[in-house]
Amino acid sequence: MKQTWRWFGPSDAISIGEILQTGATGIVSALHHVPTGQVWPVADIKRRQQEIERPSGHPSGLTWDVVESVPVSDAIKSQTGPMRDHLEAYKSSLRNLAACGIKTVCYNFMPVLDWTRTSLNHPLPNGGTAMRFDLVDFVAFDCFLLRRQGAEADYLAETLEAAGKRFALLSDAEQGRLSGNIVAGLPGANNNWSLEDVRRQLEAYAGMTPEKLCVHLIDFLSEIVPVAEDLGVRLCCHPDDPPFPLLGLPRVLSSLADYAKVLAAVESPANGVTFCTGSLGVSERFDPVDFIQQLGHRIHFVHLRNTTRDGPNDHNRSSFSESEHLAGDTDMVATIRALMEEERRRRAHGRSDHEIPMRPDHGHALLSDLERPLQPGYPLIGRMRGLAELRGVMLGCN
Ligand code: DNO
């Protein structure tokens, strides 16, 4: 697998020079300054390529291999407002990226909130920190801070009781931090909402069923995939993170069955998967090897990350912490072995995309990570440790 690294652009606290020292050989990036729904201009794409390939005028040896993400707007997801303009802009962005030679494009189809955590720096016994999703904290936020209408009906009585008790103990500062962690926009997420914005956004999805949202995803793909296919662009949808409904919003890419349905609806190599073990692995039913055996030929990008579930389960929702890359509920060695078998199959079939780009997804904040500005989930040392461990597994599976 090609070992890539997510870089948020010149505003990222980690430099291209530092990334080189991690041993990564490719970059995953996005034009985060272009508002969702607008066209990515060729000049901006080329500038980012320069920043990656020649950061100080000399070749770095790194290339921009994957876009994560060209965000899909809520207008497209909910089929409201400026949907048509946004679809046309999406096609133009793909054309511009392809013209610059960038052909792997990740996106997600989660309404309103992208990935969600309740704590961004949960202390670890070794002095580092990890990100965590605590279901009881989340329910406290939903029912007592956001005060979403009808929220109580979504939870078991025991969960509500635990959330009420937890909320009663939260100071004002802790309440603010909890809301901030959930809605203030994690890196790579689409937006930076206030509670009022979230309430307004949720209204746009009132009455939205998973079936309907899935139709909207398939409509989006039916329109965009033919353009991508002509351009040789491989789209790859990131799974729901976490893989269960939140805030009454439906989720449509949480399992193998969800992906199988959406991939079959628009049969094309341009309609593919971002295989994120950290997102899918929160579900007890996730079997990474089975997923790869069934849909591996459509996996265009891989996020390797691990999580550990804990606490009570409420309608298949649970708490989880982000673990070390090789620890946690997902068998990473079996996963990597299966992905490398998929690469061998591709080579045997003469596929030009036989080397699948992977990145160490997230990482604990460790050592000097704790003393420098940090994008939650994207520390230098923690990710480098993850990449080093994963690289060792890859060599062992060769
Ligand atoms: C979190 C990431 C997400 C992901 C987007 C893809 O670290 O996995 O931000 O990049 O959901 O669109």
Side-chain angles (χ1 to χ4, degrees), residues 4-9 12 14 27-32 34 36-37 40 64-74 76-77 90 93-94 97 104-121 130-133 181-193 217 220-221 224 234-244 246 249 251-254 258-259 262 272-282 299-307 320-323 325 330 357-365 374-380 382-383 386-387:
T4 67
W5 186 275
R6 191 175 197 181
W7 187 58
F8 293 98
D12 196 316
I14 295 166
I27 292 289
V28 175
S29 194
L31 300 184
H32 297 284
V34 180
T36 300
W40 288 21
W64 184 3
D65 297 316
V66 179
V67 174
E68 180 177 358
S69 301
V70 180
V72 179
S73 69
D74 275 295
I76 293 177
K77 291 172 184 167
Y90 209 96
S93 297
L94 294 186
L97 284 163
T104 306
V105 177
C106 172
Y107 67 99
N108 74 67
F109 218 76
M110 287 174 260
V112 187
L113 296 178
D114 193 305
W115 57 302
T116 307
R117 298 290 181 273
T118 55
S119 170
L120 309 183
N121 45 15
M131 293 204 289
R132 176 170 166 75
F133 177 88
N181 291 347
I182 295 171
V183 303
L186 289 164
N190 295 346
N191 287 302
N192 201 334
W193 308 109
L217 170 56
F220 164 74
L221 289 167
I224 301 294
R234 288 181 291 272
L235 293 164
C236 38
C237 198
H238 189 281
D240 304 322
D241 179 0
F244 43 74
L246 294 176
L249 294 164
R251 297 289 220 191
V252 291
L253 282 179
S254 296
D258 290 347
Y259 271 101
V262 169
V273 180
T274 295
F275 183 67
C276 174
T277 53
S279 305
L280 293 163
V282 167
I299 293 177
H300 299 320
F301 182 32
V302 172
H303 288 181
L304 294 178
R305 177 161 68 77
N306 224 322
T307 53
F320 62 91
S321 292
E322 297 198 356
S323 356
H325 288 77
T330 296
M358 60 68 71
R359 65 176 181 84
D361 194 20
H362 302 184
H364 291 167
L374 185 71
Q375 309 247 31
Y378 290 90
L380 175 59
R383 270 188 294 167
L387 179 58

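Position 1 is the first residue of the sequence, and the numbers go up from there. All figures in this text were calculated on a predicted structure; none of them were measured in a lab. When a ligand or atom number is given, it counts from 1 through the structure's own listing order.
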Closer than 4.0 Å to some heavy atom of [X] - which atoms of ligand 1 meet that?
X	result
Ser69	6 (C), 12 (O)
Arg6	2 (C), 7 (O), 9 (O), 10 (O)
Tyr378	1 (C), 2 (C), 7 (O)

Q | Stepwise side-chain hydrogen bond (donor to acceptor under 3.5 Å, both in side chains) check, Glu68 with His303 | A | CA-CA 11 Å; Glu68 180 177 358; His303 288 181; 3.1 Å; yes

(Q) Check for me whether Asp114 has a heavy atom closer than 4.0 Å to any atom of ligand 1. (A) yes

Q) With side chains defined as the heavy atoms from C-beta onward, is the minimum distance between Phe301 and Thr4 less than 4.5 Å? A) yes

Q | Among Thr330, Thr277, Asp361, side chain to side chain donor-acceptor pair (under 3.5 Å) partner for Arg305 | A | Asp361

**Q.** Qualifying residue, where the test is side chain to side chain donor-acceptor pair (under 3.5 Å) with Glu322 and the options are Arg132, His364, His362
**A.** His362

